[in-house]
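Throughout, a chain's letter reflects where its sequence line sits, starting with A, and its residues are numbered from 1. This is a predicted model, so every value here is computed, not measured.
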Amino acid sequence: AQTVTQSQPEMSVQEAETVTLSCTYDTSESDYYLFWYKQPPSRQMILVIRQEAYKQQNATENRFSVNFQKAAKSFSLKISDSQLGDAAMYFCAYRTPYTSGTYKYIFGTGTRLKVLA
Amino acid sequence: DAGVTQSPTHLIKTRGQQVTLRCSPKSGHDTVSWYQQALGQGPQFIFQYYEEEERQRGNFPDRFSGHQFPNYSSELNVNALLLGDSALYLCASSSPWTGRNTEAFFGQGTRLTVV
């Protein structure tokens, strides 16, 4: 069975500094997607960044980038120039392959990010 | 463009009661998935609906059932509520028509408290 592990329950970062959130996963599949979602107190899951497993190039979205190590099954999120608005729960998620018209997301337990002014 | 909308936002029920949660998918989306997020945990997959059929189910008892309507909206029903069913219930919608690039959009969830 696929699993997603986030070993950092909480992280803190100074405003304008850089922080890296860790995620490891386990799967026997070769074609899948990985995501980082942000969940602020408003509760809505907001997509931060997406990585296709078949792409070797690491995804980047403005201040957010990932370090995707497929062989090591590692998928970390780097937030550069941290802002107060980045404070939230961050979830790493694995999306199962799209087969027979269905798929599902498997989430980690989350990392609470605090941004210090 | 309205995103995924869920109702109600909050709900308090008594043990043993039944509850129905509702979800309207994002415009253009025809696939709806439901997730349960217990306090301090990540969301857990309950089931997914497409073309009014349950396509995949997670490890949840039969007390959890669902339905999808012709307009793609969906309901999650939970019977014989237990204290442990207290959680945030998230609805996610997507469209299979974009193929590989399908990603889910989440609603704000329904906070269910069982007392």
Just checking heavy atoms, which of residues 18-28 of chain A are less than 4.5 Å from chain B? none
In the structure I gave you, are the side-chain heavy atoms of A:Tyr54 and A:Ser30 within less than 4.5 Å of one another anywhere? no
Rounded to the nearest 0.5 angstrom, the OG-CZ distance for B:Ser94 and B:Phe105 is 9.5 Å
Is the closest side-chain donor-acceptor distance between B:Gln18 and B:Thr20 under 3.5 Å? yes
Just so I understand: if I count every heavy-atom pair under 4.5 Å between each of A:Gln6, A:Arg43, A:Met45, A:Gln44 and chain B, which residue has the most? A:Arg43
Angle between ring planes, A:Tyr105 versus A:Phe35, binned at 30° and 60°: parallel, tilted or perpendicular? tilted
Gap separating the CG atom of A:Leu77 from the CD atom of A:Gln51, nearest 0.5 angstrom: 11.5 Å
With a 4.5 angstrom heavy-atom cut-off, could you sort out which part of B:Gln48 is near chain A: side chain, backbone, both or neither? side chain
Is it the side chain or the backbone of B:Tyr35 that comes within 4.5 Å of chain A heavy atoms, both, or neither? side chain
Does the side chain of A:Ser74 pick up a donor-acceptor pair with the side chain of A:Gln69 at under 3.5 Å? no
Quick check: are there more than 12 heavy atoms from other residues, nucleotides or ligands sitting under 6.0 Å from CZ of B:Arg15? no
Looking only at heavy atoms, which of residues 51-64 of chain B get nearer than 4.5 Å to chain A? B:Arg55, B:Gln56
What do the steps show when you test B:Tyr49 against B:Phe47 for ring pair (Phe, Tyr, Trp, His ring centres under 6.0 Å), and what is the final call? CA-CA 7 Å; B:Tyr49 276 84; B:Phe47 42 52; 5.3 Å; yes
Going from CD on A:Gln8 to CZ on A:Arg112, what distance comes out if it is rounded to the nearest 0.5 angstrom? 14.5 Å
Do B:Tyr89 and B:Gln36 meet the criterion of a side-chain donor-acceptor pair at a distance under 3.5 Å? yes
Please classify the contact of B:Gln6 with chain A as side chain, backbone, both or neither, using a heavy-atom distance under 4.5 Å. neither
Specify whether A:Phe107 and A:Tyr37 have parallel, tilted or perpendicular ring planes, treating 30° as the upper limit for parallel and 60° as the lower limit for perpendicular. tilted
Heavy-atom count check: over 12 atoms from other residues, nucleotides or ligands less than 6.0 Å from A:Leu116 CG? yes
Sort A:Gln39 into side chain, backbone, both or neither according to what part of it lies under 4.5 angstrom from a heavy atom of chain B. side chain
